[in-house]
Amino acid sequence: MPIKKAEEKVYNKVSNSEIENYSSSIWDNNKISEAKIDSVKKSITIMMPPPNVTGSLHIGHALNMTLQDVIARYWRMKGKDVLWQPGTDHAGIATQMLVERKILREGITSRAELGRDDFLKKVWEWKKESGGTIVNQLKRLGASADWSRERFTLDEGLSEAVREVFVSLYKNNLIYRDKRLVNWDTKLETAISDLEVIQKDKKGYYWYFKYPILGTKKYIIVATTRPETLLGDTCVAVNPKDKRYKSLIGKKVLLPIVNREILIVADEYADPEKGTGAVKITPAHDFNDFQVGKRHNLEPINILNTNGTLNKNTPKAYQGLTILKARAKIIADMEELGLLDKIEDTIHAVPYGDRSDTVIEPFLTDQWFVDAKKLAGPAIESVKNGETKFVPKTWENTFFEWMNNIEPWCISRQLWWGHRIPAWYATDGTIFVGKTLEEVQIQAFSKYGKEIELKQDPDVLDTWFSSGLWPFSTLGWPNKSKDLIKYYPGNILVTGFDIIFFWVARMMMLGIYFMKKSPFKEVYVHALVRDSKGNKMSKSKGNVVNPLVLMDQYGTDTIRFSLTALATQGRDIKLAEDRIVGYRNFITKIHNASKFLEMNGCVLDKEFDIKMIQKPINLWIINLLYKTADNVSSEIESYRFNEAANSAYHFVWHNFCDWYLEIVKPVLSEINIEENKEIKNTTAFVFSKILTILHPIIPFNTEYLYSKVHNFGEMLSLMDWPDSNIEKIKLSKNNTEIEWTIKFISEIRSLRAMLNIPFKSLININYNSIDKKYLNIINSNIETLKSIAGVESFSFNANDSDNSAQILVDDATFNISLKGVIDINIELDRLNKDLSKLKDDISIIDAKLLNKNFIERAPKEVIEEQKSKKEGIKSLADRLQLAINRLDNKI
RNA sequence: GGGCGAUUAACUCAGGGGUAGAGUGUCUCGGUGACAUCGAGGAAGCCAUUGGUUCAAAUCCAAUAUCGCCCACCA
C-alpha cells in the first residue's frame, strides 16, 4: 500500500476564526452596516424578524438571516442606503416560563411568592445577563444589520407605540372586551390565541352515556370523548329532521350525577350521521356547544378552575379533582349507575398549547379582542392589487385563505411579562382606556365628578401584538421621524411560512391601518430546514442540527454558502452534510486560487483598463465574468438564491480555475514580461471581481482575501458590484477561438483516457488538410496544449492512414499515431460508440424533418436549427465512418 | 373534510414546449510549481402512472397513485 500523501500534507490555510475575526473587526470599525439617514442614496429597508430574546441560533434562523444578509450586502454594493433593522422580541410566555424555572432553582416556590414587581425585576435581570446571546450569535453569522439601531419589543419607544395603538383601536371599536370562550392553557393559566393551539391526533375513546328521559323509563344515548363535561351539560341536541328523536324534542332528561333537569332541543348542529345523532351540549367548554347554547338561551355552566381542576359548580365529590381524575370518576360513577352504554376506541384531534404542550380547554372568560375581520380587508386588498407581493406567489393563496376566515384575535394574556394592557376599571366595573393613569383619571373624573379608585387590568398583551408594529414602531412611530419617512414602507421581508399568520398578516393589518401603506413591497417566504431524511427537526427526535456547531466545524461562510445554495423556492431544504463538505471545498478552492495569484505576482493594477484587452483568452474570461455577475445579480433580485450561488460556483470553479488558470499557467511562467502583463492584470482583475460577486454570500473569506491578502483596494464590502451595463461592457455571444481550444483539449484528454495513454507520454498530433484558422489557434496556444494536453508536436502529414486514432473537432480532423503501442480494437470500439451516438441523434432529427406537420407548422427558425444541427452531426459522422473503415482495414 | 406542494441519475436537488442538468457518490487514470478538501476521463435517467392539448410534452392541462405540509375537526 502506497502511503497516502494527502494525509501528510496539512493545508496551510489560516484558520476560519482568524478570517472571521479579521473581517468582522474591519466591518465594525468602518460601520459598514449602519444605515445613513442623511444619505442621498435610495433606500432599501429590510425588517429583521426579531428572534425571541430567549432564543439560541437554530438552523432556521441561520437560513433566514443569511438570506437577508445576502440581500443587504448585495444592495449596499449596488449603491443603496440599506437599513436592515434588527432587534429581539420579549417573547412573553417563553421568557416568563424560563425565568420561573430559574427562580424555582433558586428556591422560590412560585412567581406569586415574589410578587409581580419583584418577579419582573428578575426577568429584566435575566434579560440583561443572557438576553444578548442570540444577538451575538447573529453577529457571528455575519448578519450585517444596523446593530446601532437594535430594538427590543419592550423598549420604552416600542411600548409607547403599543399603548398608542391599543388606545386608538379601542376608540375606534376595533379592540373590545368580551366574555367569550377562549383557548385556555391550564398549566400557564392564561388564554392563548387560536394560532397558538396545535391539534394533535391522539388515541381516545367514545363513551356512550345513557341520559334518562324524565317521566319515562327510556334513555337517550349520547357519545363523548370528554366525560367530565357531563357536569356542565345544559341540554341535549338532536337534529330536527332526525326521525328517531323527533318525538323527544321538548322533553327533559335528568342529567345523571348532578341530577339537573335539562331539555332535549332541536338544533341543526346535531349531525344524525355522527355518534348516536344526539349530542350533549356543554356551552362553557366547547366552541360549537357555546353557539348552540346561545341559540337556545341557556346559561353556560363553567365547571373548571383556571388551573384545570373542577370548581364549585360541580358536586362536592368532584371539586378539586383534575380533569383526568374527574373523567375516571364520571366513568366509574356512570357505570355504577348502569348508565354507561358502551366504549369505543377512536383517534381524534386534541388541542395542545404550543408552549406548554398541555391540553387546551375551551374556557369562558373576559378577554380583550381585536376585531381582526375589519382589519383584514385592506390587507387582503393590498395583496390583491399587488402593493405587497408574496414570493413564491403560491403563498398568497394561503394568506387569503386565512385572512378570509379570520376570527377575533384574543390579545390578552394572564401573564406578567409583557405590555400591560392600558385599561383601568372603576369599582363599578366601568372601563377606562388611556395611555397613562393620568389620562384615565381625567376621564373618570369627568364621569363621576370626583376622584375615584382605578385598578389597572392585570393582564398583558400577546407578544405578537407588539411585533405586529415592528415595521413602524422601530422607526420612531408615533413620532413623525425622518426614519419613518425614509424607511417606511420596507422593501422586502424575509420569513419562514410558519409565521405568515402569526406575524406577517398582523404586521400588514396594523401597518396598513396606522401607516396607510402595507409595510413591505415583497415578502419572500423561504422553506423549512429539515434533516437529511426530510424530517422536521425537533428536540425530541434528536435530529436537530446546531448551526453553531457546523460553523465551528466548517466555517461560517461554508454554512452560509450551503444554505444559500439550497434555498430553492417552493421546496423544503434537506440539509445533508455531504453538501456542506462540497461547499467547504469550494472555499478552499478559492483560497488556492488566491495562492496561485500570489505565487505568480498577479497584482491588481489600477491603471489597467479591461477595454484594452487584446488576448482572446482574457477577453473570453472577462466576457464570462460579466455574464456571471449580471446573472447572479438578477437571481438575487428575484430571490432565486440557489441559482445565484450555483452560477457563481460554476464560474469560479469550472471556468476560472479549471480552464482560465490552466490555460494561462504555462504562459505565465514565460519570461516575456510584456506578453504576461495583460494576463496577470486580467487574472487579478477577474479574481477581485469573483470575490465581489461572492461577497454577499461568503463575506468573511472574500473580505479577508480582498483587503488583507491581496490588498486589492479598499474594503470589499464598500466596493461596487460589477455590472456590464453600468461599465458599458459589450458582451459577446461566442468566443470561438477559446471555445474551440477547450473542445480540442477535451477531445485529446478523452482520447488519452480511453486509450490509456498516460499523461507523461507526450503525443504527436498530425493533420492533413485543415482550415488555416485552426492552425492559427493551435499556434497561439501551443504552450497550453503542451502543458495541459501533453501534446509534443503538431505536424503536417499527408499520409494519415497509419494506425492512428482520430480526433474530430467541429470540421477539423486530427490523427494521432498509435505506433503499435495501442490496441487498435480499443480505438475502434471508441469510435464505433461515438458513431452510434451520432447516428441516434441523426435519426431523431430525421424523424422530425420527415414529419410533414413539423415542416408545415413549426417555426422556420426551429426547422433551420434542426437542419443545420443535422448537417453538423452528419459531417462528423461521415468522417468518423471514414476513420473506422481505415482502421478496420488494418486488422 | 378544505387547500397547497412534491414525484427527474444511487443520493440530494435544479430546470422547464425543440435530443436531459448540477453537486455528492461510484468507476478508471493521475504525486503535475495553486489546490488530493485536488486534477483528467467515464458509467449512470421510459423526467411517478394514464389520458389530453401541440408539428413537438419531462415541461402545459386533466385524472390517478404515493409522499409531505397548512387549515378545520375532541358525537
Side-chain angles (χ1 to χ4, degrees), chain A residues 2 4-7 9 11 13 199 201-202 204 206-208 222-226 229 237 270-271 273-280 286-288 346 348-351 359 362 392 394-395 397-398 401-402 405 497-498 500-501 528 530 532 534 536 565-566 568 570-576 578-579 581-600 640 642-643 646 649-650 657-658 661-662 665 669 745-746 749-754 756-760 787-789 840-841 844-845 848 851-859 861-863 865-866 869 873:
Chain A
K4 239 188 154 188
K5 289 197 179 171
E7 283 166 19
K9 212 169 183 176
Y11 181 64
K13 199 186 103 174
Q199 304 287 341
D201 277 334
K202 292 280 171 183
Y206 285 133
W207 283 276
Y208 288 80
V222 294
T224 181
T225 55
R226 293 188 301 160
T229 59
D271 183 349
E273 304 292 315
K274 280 188 187 168
T276 60
V279 56
K280 60 192 263 327
D286 183 290
F287 288 97
N288 288 311
T346 183
H348 62 118
V350 180
V359 176
T394 166
W395 288 108
N397 291 329
T398 309
E401 176 62 22
W402 190 68
N405 298 300
F497 62 81
D498 48 336
I500 289 181
F501 305 144
L528 209 68
R530 297 169 177 280
S532 59
K536 206 168 174 172
L566 291 167
T568 56
R571 196 196 273 233
D572 284 346
I573 296 173
K574 285 183 203 156
L575 193 65
D578 284 4
R579 287 294 281 267
V581 170
Y583 294 125
R584 189 264 325 262
N585 296 353
F586 176 59
I587 288 174
T588 308
K589 186 80 179 174
I590 297 166
H591 277 270
N592 283 310
S594 158
K595 202 162 110 190
F596 177 85
L597 263 69
E598 279 185 277
M599 289 169 69
N600 288 284
R640 294 151 64 98
N642 60 315
E643 298 286 341
N646 288 334
Y649 179 99
H650 186 265
C657 291
D658 285 354
L661 290 185
E662 290 302 326
K665 194 186 282 180
S669 58
I745 292 169
S746 299
R749 284 170 166 175
S750 171
L751 177 121
R752 276 177 167 285
M754 300 292 276
N756 264 321
I757 306 170
F759 189 79
K760 274 180 180 157
S787 85
I788 68 176
D840 286 350
D841 290 350
I844 289 170
I845 298 175
K848 275 191 186 178
N851 184 342
K852 226 169 111 188
N853 286 326
F854 176 71
I855 300 295
E856 277 170 13
R857 302 197 197 185
E861 311 89 71
V862 175
I863 298 175
E865 197 193 321
Q866 294 293 318
K869 231 180 207 171
I873 300 173

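The model shown is predicted, which means the values in this text are computed figures rather than measured ones. Every chain is numbered from 1 and lettered A, B, ... according to where its sequence line falls, protein lines coming before strand lines.
Distances shorter than 4.0 Å separate some side-chain N or O of K589(A) from OP1 or OP2 on G39(B). OP1 or OP2 of U19(B) has at least one side-chain nitrogen or oxygen of K869(A) nearer than 4.0 Å. Between T346(A) and A75(B), a side-chain N or O to OP1/OP2 separation shorter than 4.0 Å is absent. Not one side-chain nitrogen or oxygen of T394(A) sits closer than 4.0 Å to the OP1 or OP2 atom of C4(B).
Distance E273(A) CD to A75(B) C1': 12 Å, rounded to the nearest Å. Rounded to whole angstrom, the span from the CE atom of M599(A) across to the P atom of C35(B) amounts to 7 Å.
Contacts of D271(A) with the nucleic acid, taken as non-hydrogen atoms under 4.0 Å apart, include base atoms. Residue contacts for N851(A): at a heavy-atom cut-off of 4.0 Å it reaches the sugar-phosphate backbone alone, with no base atom in range. At the heavy-atom level, T276(A) lies nowhere under 4.0 Å from the strands shown. When heavy atoms are screened at a 4.0 angstrom cut-off, L566(A) is found touching no nucleic acid atom at all. Among the heavy atoms of the strands, none lies under 4.0 Å from K280(A).
Between E598(A) and K595(A) there is no salt bridge, since no side-chain nitrogen of the basic residue lies less than 4.0 Å from a carboxylate oxygen of the acidic one.
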Report task. Check the pair V279(A) / D271(A) against side-chain contact (heavy atoms from CB on, under 4.5 Å), numbers first and verdict last. Result -> CA-CA 8 Å; V279(A) 56; D271(A) 183 349; over 6 Å; no

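You'll find a donor-acceptor pair under 3.5 Å spanning the side chain of R584(A) and the base of U37(B), going by distance alone.
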